[in-house]
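Any value given below was found using the heavy atoms of this structure, including those in side chains, with hydrogens, waters and symmetry copies removed. Heads up: numbering here begins at 1 and tracks the sequence. Bear in mind the structure is a predicted one, so any value in this text is a computation, not a measurement.
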Amino acid sequence: MGDHFWPAMYPGLIVGILYGLSLRGVFNTVVSALGGLVGAAIAYAGLLAVDLNDGLPSVISLVVAAFAGAYLLTSAAQRVRGPGVKS
């Protein structure tokens with residue numbers, strides 16, 4: 001992990017928490033934050049592979065991937081949790 005790994009995870013955490021708060025409930029917020037971190041970590045690895053880890057394209061990619069990760073993980077968690085369970 002380079003020096004830029006942990007600062008690159010902040011957009012994932014922030015986007016994940018904000019998306020989870022929009023869905024309401026502690027469960028959604030925690031799951032969404034984890035999904036945002038996973039999405040940002042995957043984007044960071046991809047950006048390193050193509051040597052685009054600095055500048056505006058990297059920030060945009062991290063935010064988009066964090067949102068995608070948060071959305072996908074909360075959707076999967078809601079399916080596993082079941083429709084009748086309240087958060």
Side-chain angles (χ1 to χ4, degrees):
M1 284 187 230
D3 293 338
H4 297 285
F5 178 76
W6 289 113
M9 295 302 104
Y10 294 141
L13 189 60
I14 292 167
V15 169
I17 289 173
L18 289 175
Y19 180 69
L21 287 172
S22 74
L23 296 176
R24 297 188 180 140
V26 175
F27 177 78
N28 288 332
T29 303
V30 171
V31 170
S32 182
L34 290 174
L37 284 173
V38 169
I42 292 170
Y44 180 75
L47 289 167
L48 277 180
V50 295
D51 199 28
L52 261 174
N53 58 339
D54 287 328
L56 191 58
S58 68
V59 174
I60 292 169
S61 300
L62 286 170
V63 170
V64 169
F67 178 73
Y71 175 78
L72 292 173
L73 195 60
T74 51
S75 296
Q78 291 298 328
R79 284 192 197 112
V80 169
R81 197 168 186 211
V85 179
K86 299 279 184 186
S87 52

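- The hydrophobic clustering, which links ILVMFWY residues whose side-chain heavy atoms are closer than 4.5 Å, places F27 and L34 together.
- Transitive grouping of hydrophobic side chains (ILVMFWY, heavy atoms separated by less than 4.5 Å) keeps L73 and I42 in distinct clusters.
- We find the OH-CG distance between Y44 and L52 to be 12.5 Å, quoted to the nearest 0.5 Å.
- Annotation: the span from L47 atom CG to I60 atom CD1 amounts to 11.0 Å, rounded to 0.5 Å.
- Transitive grouping of hydrophobic side chains (ILVMFWY, heavy atoms separated by less than 4.5 Å) brings L37 and L21 into a common cluster.
- Considering every non-hydrogen atom in both G16 and A70, the closest pair reads CA-CB, 4.1 Å.
- Between F67 atom CZ and L62 atom CG the span is 15.5 Å, to the nearest 0.5 Å.
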Next item on the list: Check the pair T74 / L23 against side-chain contact (heavy atoms from CB on, under 4.5 Å), numbers first and verdict last.
Entry: CA-CA 9 Å; T74 51; L23 296 176; 4.1 Å; yes
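- Note: L13 CG to S32 OG = 10.0 Å, rounded to the nearest 0.5 Å.
- Remark: N28 CG to I17 CD1 distance equals 13.5 Å, nearest 0.5 Å.
- Under the 4.5 Å side-chain heavy-atom criterion for ILVMFWY residues, a single connected hydrophobic cluster contains both L72 and V63.
- Using a 4.5 Å cut-off between side-chain heavy atoms of Ile, Leu, Val, Met, Phe, Trp and Tyr, with links allowed through other members, W6 and V38 fall into different hydrophobic clusters.
- To the nearest 0.5 angstrom, S58 atom OG is 10.0 Å from L48 atom CG.
- Taking all atoms of both residues into account, the shortest heavy-atom contact from A40 to A8 is CB-O, 4.1 Å.
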